[in-house]
Every structure is written in C-alpha cells, then in structure tokens.
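Working notes, beginning with the structure itself.
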Amino acid sequence: METFDHKAIEKRWQEQWEKDRIYLATDDAGKPKKLILVEFPYPSGEGLHMGHLRPFLAGDIYSRYWRMNGYNVMYPMGWDAFGLPAENFAIKNKLHPAVSTAKNVANAKRQLQSWGTGFDWSREVNTSDPEYYKWTQWIFLQFFKAGLAYEATGLINWCPKDKTGLANEEVVNGCCERCGTPVEKKELRQWYLKITAYAEKLLNGLKTLNWPDQVKIQQENWIGRKEGINISYEIETKRNYVILHGWDSNSKDPKYAAIKKEIEKTGAVCALPDLPSTSKPTEAEQVEFVLKNIRFDENTILYGKSLGGVVAMKVLEKLKNPIAGLVLAGSFVGPDGLQGEYPFINSFRWEFDFEKIRRNAGFIKILSDLKDHAVKPTQGKILHEKLGGELTETIAVKSHFGAEHEPAVIEALLPKVTVFTTRPDTNFGATFVVIGPEHRLLNQRNPLNISEKYWKEIQQYQQKVASESDMDRVAEGRKKTGVFTGLYCINNLNGYRMPLYVADYVLGHVGTGAVVGVPGHDKRDFEFAQIFNIPIVRVVQKDRNDSGPITSLEQVQEDEGTMINSDFLNGLDIHQATVKIMDHMEMKGYGKRVVNYKLRDWVFSRQRYWGEPIPLIHCDPPAGGCGVVPVPDEELPLKLPEVKDYEPTGTGESPLAAIDSWVNTKCPKCGGKARRETNTMPQWAGSSWYWLRYSDPHNDKEFAAKQKLKYWQPVDMYFGGMEHTTLHLLYSRFWNQFLFDQSLVTESEPYLRRVPHGLILGPDGEKMSKSRGNVVNPDDVVAEFGADVLRMCEPFLGPHEASVPWSDKGIIGIKRFLDKVWRLSFVFASEAKQSQEIATPTSSARNDNSIHKLIKKISSDIENFKFNTAIAAFMEFLNENKELSQADWEKFLILLAPFAPHVTEELWHQLGHKDSVHRKSWPKFDEKLVKAETVTVVVQVLGRLRASLELPAGTSQAEVKVKAMADANVKKHLEGKQVVKEIFVPDKLINFVVK
RNA sequence: GCCCGGGUGGUGGAAUGGUAUACACGCAGCACUUAAAAUGCUGUGGGCGUAAGCUCUUGAGAGUUCGAAUCUCUCCCCGGGCACCA
C-alpha cells in the first residue's frame, strides 16, 4: 500500500467527528479556557479562497494544540453576511440577498468542513440573521442613549458607484475600499458614532495588548494624537464699540475699563459712557441719553452687561439703521429673571420688540454665567429663544462676569482667529495667518466684515475649492493658492501685523481650521510665503554658522536647533522653548494647550438595502415634535422589509425610503405620526461585537449573559489580516470599550493577542485576483491530493506573517511526506521493529533525534506560529529515524494530528485504537532527553572555522582545548602565533584569538 | 515626504550575536525494473586545488565585536500604511 485513499478516509472521519461532537466547547468553568478566534468571512459567491485558508488553518492547528493540552478551547465560526456584494449580486441575478447569502454560506461551510477544520458549529452566528441583528440594533441604541450616536449634515465621502456614504476608514488612497472608485464629497445628513470620544482610551488600551508593534503603530498613527496649543490672534478691524455698563457702576469700573483697553489695542474706537442716575436708573433717562450722545453706524458693536444689556436692547428698538452686532452678558428680560430686589424694577418697562432688535443687529451673541448670583442662569436660554444668535453658557471667572478679565466676553467682542500649532516655539517668526476656505468665519454672513473688494474674491475662491475633489486638493507638487482678506492679525508676542489669508492648503475641518504661517520653519508655509511675497524670518539655528537668511525650500529649518531672534526664548533649544512659550501664552490668556486627534467620527449610515435598519423614529413638528425616538426594545429586531427594488437610489436616500408602509409609523413616545429612519448600518456594525455572541449564541434575553462573558472573554488569540487594522480592529475595540463602560461586558479590551498573516499570492507573485487569472482554488487541491496535503502545503510555503506566492511544487513534497508516513506506519507497527528494506542506518552517529526533541520543537513552533519549521522538523525526524518503537511512533502521530487530522486518525485506528487521536493528550517531553549525548564543537581561530569535534555533551573548556589543539589543521593556523584570548561556548564552540 | 516591514543558492525558504544555505522543490548520478512510474541512496552556492584544504559569498558600502545574515550608520531596491493633519 503505497499511498492512501484520501477521499474515503476524509469522508469517514469527518462524519465520525461530527457524530462524536469532538470539537464542541462547553461552558465548563472548572477548566481553564482559551477563546481562539479567526476573523469570520464574508460569504461571497466565489466561495472561500486560498487567502482564507491561512488564518483558518493557523487557528485550527493552534486550537487543536491547546485542546490536546487540556484547555477548554472554543474555536467558533460565523458569517459576516451583510454587505454590498450580496446586494449587488442580488440586483444582478434578481434574487433576494437573503437567498443568495444562504446559498453562499452553505457553500463556504462545506468548504471549511472539507478542510477538516475543527470549528464549534454549535455556536455559528450570522450577522444578517434577525436574531443576531436584533442585538446589533440594541447596542446601537445604547450608543444613541449615551449621546454617542448623533445625526449631522456634513460633507462626507460618497462612492458614486456603490451609491452610498463611506467612513473615513473606508477610503483608501482617495478611492472606495470596496470597489476602487474615486470617492467624491457630498453634503448629506448622516448618522455618526462618536468614536473620537474614545480616542484617548483606544490609544491607551493599545499599551496593554500583546499585539505586533506594526499593528499598534498603525492604529496609533490613525488616531494621530498631537499635543499643541491653540493660539488666539486678535484681528484688526474698522469697527467701533459701545459699552453700556450695568446698574450702580461707571466707566471707572475696572471690568469695563479693561475691556475698553483690549478693544483699543486692535486699533478700534470704543465709547464707554457714564450712564445717568446709575444707582436709581430709569429706562427713559438712560435710553434717551445713549441715543443722544452716541453715534451708531453699520460698524458698531454694542455690548451691554446686566442692566446695560436691557438698555442696549431698548436702544436697538429705537434705532433707524442696523448696527454690526449686539453682545449681551449676564442680561435678562424681566424682574423674574433676577435673584433679589433692585431699585430699577419699577422704572423699566419689561416688554421688548424682539423682532425689531433682531433686525437691527447684524449678529447677536448672548453670554450666560451658569453660576450667576444676580441673574438667574436660565435667562441666557430665554434670551436666546427670543433673539436667536449665538448662546455661550459658561462659568464666569467671577460670578455675573464680574472679573477684570473675562475671556468669554473678550472672545465675543473681538474678532479673533484661533490657530492650532505644535510648534509655538517658532512663533516669533510668524509672519502670516491662513484660514481654510470652509472656516466658519467665512460663512455667507461675512462675520469678519471683510471689505467688499476682498469678499468677492474670497467667495469666488471658495466656489473654486468646493468644486475640487480631495484627490485634486492633495495632488503632489501642487502650487499653493490663496486670497488676501485685507485684514491683519496681531502677534501678541511682538506686535507684528500678520496678514490674514484664505488658502486651501489649510483644511477647514482639521484642528481649528486655521494655521499660523512660519515660513522659515515650515516648508508649506515657505512655499506660500514665496508666492505672496511675505517676509521670512529665521528663529531657529542648527548651529552657530546656520544663521543666514532662508531663501530656498532646502534651507527651511524644520529640525532641532537653538532659538534666535526670539526675545526671551533666545538660546533655548526648541523643546525648552516650546514649554516656555506655552506657559507664557497660557499665563497671558491667549493660548491654551490642547490635544488634537486625526481620528474623526465614524460615518455610520449607508444608503443601501442589505444592512441592519437603524432603529430610530423621527417625530418632527407639526406632529408630536419628540425629535428622534428609539424603537422600543420589545419591537426589536426591526426587520428589513421586503422590497421590490434593491437598486440604490443614488440620491442619498436608501431604498427603504420608498416603502411608505414601512416608513410611516407612530411615534413610540406621543403616538403621533412619525417616520422611520431609512438608512442602514455599515458592514462593520455586525462584526463589531460578534466574538461576544459566541459566548452565548442562543440567548434571546440579552446579547450575552454576563457570567458566560466572564468565563470566555477576552479573546486569547485573534487571527486575521493586516487590512483590518484601521477598520474592523479599531471599530470593534471601540464598541467593546463602550460596552465595558456601560458595564455590559467584563473586559475593556476584546483581543489580548493578535497575529496577522501575510497574503497568499498567485504563482506569479502577484496578488490573487480574477482579473489577473492567477487564482488557485483550494477545492481543486483537496479533490486531487486531499485535505491533509492542502493543510500542510499552505503553511509550508513560508512564515505565517510573510506574504508568499502559492506554488504547486510544494504539493509534491508534502504528498511524498504523507505517503511516507502512511507506509512507515505499517513498518513501525509491525512485530519486527526493523525492516531490512527501509532501516539501513547510515548516519547513526547522531543521536539527537529523539522523540523528545521533536515534541519540544513542534510545541514551541505551534506556540510561535512557526508552522513551516514545524513541518520541516517532522520531515527531518523521519529522515533521521530509520527505526522507531511503536510508542514513539504513536507520539509522532499525535504530534502530527493537528496538521493532518484525517491521515493520523486513520493510522491511529489501524494501530488498533478505538478512540480518536484528536482526544489524546499532547505528549510530554523530558528536558534531559532533549539534549544530545554527543555534540559538535566548532574550533575557530580568529573567528574562522578550522575544525569541528564530535564530543560528549558537557565537555569542559580545558578538555575541549586539548582536543582542539591536537587537530592538525588547527595546529597549522596556530603555528608561530600566540594565543591571547580564548572564547568558549559550552557544547558549541571554542575560538582562539591569536597575535 | 513621513512611519512600519523586507532583500539569503536555480526556486520557496532555515538560521535573530556562535558551523550560513536546515527542510522542500528542481537538477545530476546510482540502485530496484524488460521498461517507465513510484521508491530508496548519493551529490548539488561561486572560485582555486588531484586531494587535504584555502578563499569568496546573505542588496551596496562603512562601523562595533574574538566572531555579524543577525547590532549601528549611510545609500539602493521591493512590499504595506499615512499624507498640504499645522
């Protein structure tokens, strides 16, 4: 019998294993557990390919190893079944996606089983199963209830082919991650998950994980934490200000005088009149006084504090021409809003023409102190309701905005631009400021009051930028463009007037949306400064000679160095200077240290059919006006309705929007007419918690019972691909951390250990793809050579983490090896321990071939995912051992069982065993017997090999020296030289250093 | 541009400070055979040499070390990620 009938033995044993349920994990708290996870596949129409094989097999071998070592191992499998391909397939073939998905799942499962994998199918999950997505929806509602799911309209990534919005993470090189179509920007209402709230936690959690650095670094970079400072620069304006003080006060009051001084610093004019009868004021007298003595025009900003705010509103009621804006701090609309009795209560008329006030003020800003002792804190909201505008609720430095320096007031009065920088040390070299075209200070209302001439140009520029895609905008070697605003910002450090530009190289949605230009020390700023003839100042030098003007891009100094031309920073290195200037700016009040992240919130809605419906209901006026209301828990799962047309609409609406009977519903809160949310969740939703469900897959009361989670979680080992580092791996950590914070799971991090694998490339060394025609189908290998050959062939290609090309050549080597195992089994098992045919020992001098050495090698290789060298060790063992006891042979079969489960099981039974080889304990090795009795000790002279000696293990240095010196060749090389040093590594080498 | 990997025979790869090229493929020779296949055995990095042996060799170059594929620096090439992110 030279080979084995793989088809027969595979069928026999796969059926037997299923019958004996040998791979099922029990929730047995008495045993140590291991949850070994492999990324569950998407069941596509093409079936599983070679690429899937890799992690599945690694996990299979690994979990069999631990199971045989006495662990309660769970190795579960499921289906990530929602998503675009199923839907596209359904559209093309006019099938229901559920039907085609079920077909694909059945096929993929058949494949997995044909490979002899030991998955626990009793825990199978499917993300598109309503019993499963009920809990995906339920978890989403927990996000919603915690305020971490929100609706917003914004420019999002839009794939024109798939006709859906995409998350940031799904855009690869400006193209759709799924279909490769260049992504466009589209203004859409979307649901977001606030992953940014978890930026710090996601970053810190990484430190505790046993993951490859490569993966951790990639996530760190994606989160992109940066420490820096927000600096506010005042903008010079052509405005004039009027300050109306409160009750029982006057122009000498330092809290008003200080504001006046701040305003005048920007070059603006400021009136601060003493209002008449300030301790017993009347409306008529004060309003008349202001109207008579103060000039108002379209550039006037009127600031009223407390009762001064009331006077300001009354003044605005009477004005004929509108003014630039109204700022109110600690103001109120009537005696009800006051805490206490005041003498002016009866001398004012507590009625306002809010409509008129609104019309007469270009902008309105309302400041409310939440700890105000004089005015009730609710007055801010009331004013905001009546007047609109911008409401800032804050805690004042001194109650009722009573301090000399109230940043909130200054901020509201003076137009400022805030920049984010990580290099404030170079701020003495700042010569311009740039804001992004999308910045809110450049909205249609022109809040900065930019003069007509520049404003027109800016609007044109904004339009131009809006029409460009992100791809165009970041294209390499692109010339900087921009427009001057006619305004200047004041650098508080040295009074330098920095021109303010609008330019698209600054992204309006990143950081503060504005940047300070330091052209001597930032290449982008340099390019911009050159085009617009902006001065370039050097403030850092590498060394003393490095002090000349910076005139070319190569000279731009972005590296380490020492500060010059920077007043009190001179002589410090850039790091010391950064700390000192940040302290300075924070103390002076125009800078604030901040942490910035590159991570952005997760766009969580898709305009497609085949996904979990978002379980929310919109109850808008004129119905109840309850806003967005969650679908009640007892109505979950909110099932996908049957629909005639799955075709995406492309309008930004999901196909669900067309089903009136589904969309129109009742508000769960007020019972009024309401509409269902029609977007669905992204593909990543179902996979963001699936490993938790394996702990308790049939629970219909909760997504998993706490005590089951407590036993099984966290995942001990997670096999998967590099491509999910900033997608699934980041998203699912986020969900897990959130569930942990809600006390719904027991671990803050889901995956203790992660092992990524390399790609299986086509035989041509290129990525396998249908278009290249280099796809190798694992089914073909199974059919021709058997599952065990496939299972050993794939890992033998190369190291698990490396990308390796598939090669048919490897198949024959493995095939020969397994045939040899098959033949030798009968030899070793026979009564005669030696066969003349095979056992003709040739290299019997070596005795380092004991089964103990093999046990040790295979164990450590499996634990370290070095399956390729493990297989080599099996081969070596057979090459070296021409005779073997049946006991050692049985150990060999047990060791081989995780790799070749069918052949070993068959041989095991042919040896007369009735139980399964897969239920045997992993053999133990004796460390003493692992060590060879004789070793090869290498003799070197000056590090060069001159002889090698076969010696008993443990030979002493002195003895080795004597033996080495006796060697003719060694003698030759030592002749006439003096040994100055001897290096001895026991059982390995002796090296003579000679002169 | 920045951040991660990687570069070793004809080929896939092994060795992570101590014999470079394990294991496998391929190739060559031998045995078995009427023959072939299968199987077994032997050989297989380059140069010099009859041989013993010498010498060169891990992308290129330098350095550290008694000793470097392995550590350090510079450069080249390949793969992956990020990117006008302030």
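In what follows, every chain begins at residue 1, and chains take the letters A, B, ... in the order their sequences are listed.
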So what does A:V804 touch, heavy atoms closer than 4.0 Å: a base, only the sugar-phosphate, or nothing?
sugar-phosphate
Rounding to a whole Å, what distance do you find between A:W806:CH2 and B:A24:P?
18 Å
With heavy atoms under 4.0 Å as the rule, sort A:D522 into base, sugar-phosphate or nothing.
nothing
Picking from B:C41, B:C25, B:C23, which would you name as closest to the side chain of A:R816?
B:C25
Which atoms form the tightest heavy-atom contact between A:V506 and A:P437, and what is the distance?
O-CD, 3.7 Å
What is the distance from NZ of A:K815 to P of B:C23, rounded to the nearest Å?
22 Å
Touch check for A:S948, heavy atoms < 4.0 angstrom, all strands: base, sugar-phosphate only, or nothing?
nothing
Candidate nucleotides B:C23, B:G26, B:A14, ranked by approach to the side chain of A:M875 - the nearest
B:C23
Let's see if you can work this out: which of B:C25, B:G40, B:C84 has an atom nearest to the side-chain heavy atoms of A:R823?
B:G40
C1' atom, B:G12 versus B:C27: distance in rounded Å?
16 Å
Per A:L989 side chain, nearest of listed nucleotides B:C66, B:C84, B:G18
B:G18
Please confirm whether the shortest side-chain N or O distance from A:N868 to OP1 or OP2 of B:C23 is below 4.0 Å.
no
Is the shortest distance from a Lys or Arg side-chain nitrogen in A:E794 or A:R54 to a carboxylate oxygen in the other one below 4.0 Å?
yes
Both conditions, 6.0 Å and 45 degrees, for the charged tip of A:K480 above the ring of A:Y505: are they met here?
yes
d(NZ, A:K820; P, B:C23) in whole Å
11 Å
If I pick the C1' atom on B:A20 and the same atom on B:G67, what distance separates them, to the nearest angstrom?
14 Å
May I ask you to say whether A:E527 pairs ionically with A:K479, meaning some side-chain N is under 4.0 Å from a carboxylate O?
no
Looking at B:A15, B:A24, B:C4, which one has an atom nearest to any side-chain atom of A:Q214?
B:C4
Closest to the side chain of A:I217, out of B:C23, B:C3, B:G12, is B:C3
Closest to the A:K767 side chain: B:G80, B:G26, B:G12?
B:G80
Rounded to whole angstrom, note down the C1' distance from B:U42 over to B:G49.
23 Å
Would you mind classifying the nucleic acid contact of A:S807 as base, sugar-phosphate or nothing, using non-hydrogen atoms under 4.0 angstrom?
nothing
Sequence-aligned protein contact record of nucleotides 50-59 of chain B, with B where the base is within under 4.0 Å of a protein heavy atom and S where only the sugar-phosphate is:
---SSSS---
So what does the secondary structure string of RNA chain B come out as, 5' to 3', with Watson-Crick or wobble pairs under 3.5 angstrom, [ ] for crossing and | for pairs with another strand?
(((((((..(((.....[....)))((((((.......))))))((((....))))..(((((..]....))))))))))))....
Salt-bridge criterion met for A:K815 and A:D819 (N-O under 4.0 Å):
yes
Determine the interatomic distance between C1' on B:G9 and the same-named atom on B:U58; round to the nearest Å.
10 Å
Who passes ring-ring contact (aromatic ring centres under 6.0 Å, His included) against A:F817, sequence neighbours left out?
none
If you look at every strand shown and take non-hydrogen atoms under 4.0 Å, does A:I983 touch a base, only sugar-phosphate, or nothing?
base
Have a look at A:K988 and say if it touches a base, only the backbone sugar-phosphate, or nothing, with a 4.0 Å heavy-atom cut-off.
sugar-phosphate
Rounded to whole Å, please give me the gap between NZ in A:K809 and P in B:C27.
9 Å
Could you check how far NZ of A:K866 sits from P of B:A22, rounded to whole Å?
17 Å
Are any of the side-chain nitrogens in A:E39 or A:R754 under 4.0 Å away from the carboxylate oxygens of its partner?
yes
Glycosidic class, syn or anti, of B:G79 using a 90° window around 0:
anti
Out of B:G18, B:C82, B:A14, which has the shortest distance to the side chain of A:N991?
B:G18
Just to be sure I understand the rule, does A:F817 reach a base, reach only the sugar-phosphate, or reach nothing, if contact means heavy atoms closer than 4.0 Å?
nothing
Quick one: does A:K523 reach the base of B:C84 with a side-chain donor-acceptor pair under 3.5 Å?
no
Any base atoms under 4.0 Å from A:Q940, or only sugar-phosphate, or nothing? Heavy atoms, all strands.
base
From CA spacing to verdict: salt bridge (Lys or Arg N to Asp or Glu O under 4.0 Å), A:D861, A:K857
CA-CA 6 Å; A:D861 275 358; A:K857 171 76 178 160; 3.3 Å; yes
Qualifying residue for ring-ring contact (aromatic ring centres under 6.0 Å, His included) with A:F899, from A:F874, A:F796, A:F892
A:F874
Between B:C82 (P) and A:L730 (CG): distance, integer Å:
12 Å
Quick one: does A:Y590's side chain get under 4.5 Å of A:L493's, heavy atoms only?
yes
